[in-house]
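See below for the structure under consideration.
The sequence lines fix the lettering, A, B, ..., with proteins before strands; numbering per chain opens at 1.
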Protein chains: 2
Amino acid sequence: MNPTKTAGGRREQILREAARLFAERGFHGVGVDEIGAAVGISGPGLYRHFAGKDAMLAELLVGISHRLLSAGRMRVAESDNPPAALDALVRGHIDFAIDDRPLITLHDRELDRLRDSDRKLVRQLQRQYVEVWVDVVCQVYPGAPEVEVRAAVHAVFGLINSTPHLGARSIPADRGDMAALLRRLALGALGTLDDGLPWTGPRTGG
Amino acid sequence: MNPTKTAGGRREQILREAARLFAERGFHGVGVDEIGAAVGISGPGLYRHFAGKDAMLAELLVGISHRLLSAGRMRVAESDNPPAALDALVRGHIDFAIDDRPLITLHDRELDRLRDSDRKLVRQLQRQYVEVWVDVVCQVYPGAPEVEVRAAVHAVFGLINSTPHLGARSIPADRGDMAALLRRLALGALGTLDDGLPWTGPRTGG
DNA sequence: CCCGGATGTTAGCGAGCGTTAACGTGATGA
DNA sequence: TCATCACGTTAACGCTCGCTAACATCCGGG
């Protein structure tokens, strides 16, 4: 009655293991036999679920880009004011970086291995996600030039995405501690965009 | 009289192009023929200068790790006090990230493609470089727990190293503007480690 | 003039890779 | 009972890639 449950579960399992392996050793550094072995089947068996190795990477990157963008938009829409929206964006991106480390790694590392059409789509989604951030940051710090805001947003992504590179000795034991630290660091960096005229409330018709 | 000039120049040229190509398409994504073509010779001709493709990557990563560490130590030694040392470290790392983008990219992306001995060496040099930063930051913000400082240092590396990912639309036109912005962001992030007792001068005996 | 080293070249080998072909097997349902 | 379908298997093909072998060229010094 529910054949998609097993099939979908298998697909998701393959994607999860493929993401981990790609992040560890790079797209070209992982063979289909290894991906198959990671889910208990052998190499060519994967072709019952995906058109090829490229298709797995494409589905991973398109999926994460979509989720980042839609989650970001939702968080902004649910916030009452720009500072709250910025804080929500920061928290959301941190959750993503901590909970989906392999995907975050792939997201800014293996983009160039995609077919042209897929790469264009992913880039477009990424650009829209950056735009969500830039809009919010420009509202919170209206005095900052947009080009600076754009570079600062990328820099904060780099800051938050540094999580996957950490060895065990550098990670605070508690997940919440790490998230709180990253939030402080990110907001501290963005705070330097303040030129003395940060957001002080809604413009009441001026 | 100076045969090393031509030979050394050739080696350096090969390393520079290899670094660029590895950073663009990944170590496994670049063939020796492409590297050769980039310097005007063809594939196997490279083996007159390097033992193999692996040797090029190893020399690149060991070299950058050495330079980062020694430059960092020198800057700290030349500074009068911890805050000045921290600022010098930040500025030095930013210069590196802007001027040697491909190497910075390789440095935290292709480490796992090295032979065991080379990888151990690079990791050791990286660890020592982190230690230089951690020592200085702990002096500037004595109230911060070391594990937080360590994670914060990695995060600041991620922030500064975000430069290579930027497209043309996101980069301030002037190199100095970009460096100044990154410095502000980095110091702003680290400033959140302040718990009310930042560095106020040398401890004068107790 | 010729030796020898530095620096290229092209041809080709051997291994590994992604992919396809052909086949097996167990559950499902008319 | 038997056709069908989902899901695997193994064998093998074709291609790419790193690397070696064998050979060419230039060039400085006795």
B:I35 CD1 to C:dG8 P: how many Å, rounded? 15 Å

For A:P44 and for B:L46, locate the closest nucleotide of DNA chain C by heavy-atom distance; then report the residue assigned to the nucleotide nearer the 5' terminus. B:L46

Going by atom types only, do B:R16 and B:Q13 share a side-chain donor-acceptor pair under 3.5 Å? no

For B:L166 and B:M178, run side-chain contact (heavy atoms from CB on, under 4.5 Å): C-alpha distance rounded to whole Å, both residues' side-chain angles, the deciding distance at 0.1 Å, then the answer. CA-CA 11 Å; B:L166 293 178; B:M178 186 65 193; 3.4 Å; yes

Pull out every protein N or O sitting under 3.5 Å from an N or O of nucleotides 14-18 of chain D, one pair per line with the distance.
unit_1	atom_1	unit_2	atom_2	d
D:dG18	OP1	B:V30	O	3.1
D:dG18	OP1	B:K53	NZ	2.6
D:dG18	OP2	B:V32	N	2.9

Are OP1 or OP2 of D:dG8 and a side-chain N or O of A:H49 less than 4.0 angstrom apart? yes

Whether the side chain of B:Q139 engages the backbone of B:P82 through a donor-acceptor N/O pair (distance < 3.5 Å, no angle test) should be reported. no

Report the distance from atom CD1 of B:I14 to atom C1' of C:dT7, rounded to the nearest whole Å. 11 Å

Taking 4.0 Å as the cut-off, does a side-chain nitrogen or oxygen of B:R10 come that near to OP1 or OP2 on C:dA6? no

Main-chain N/O of A:G188 paired with A:T192 side-chain donor or acceptor, under 3.5 Å: no

Just how far, in rounded Å, is P of C:dG8 from CZ of B:R11? 13 Å

Side-chain (B:R20) to main-chain (B:P102) donor-acceptor, under 3.5 angstrom: no

Once you round it to whole Å, what is the distance between P of D:dC23 and CZ of B:R48? 13 Å

Determine yes or no for a side-chain-to-main-chain donor-acceptor pair under 3.5 angstrom, with A:E17 supplying the side chain and A:V39 the backbone. no

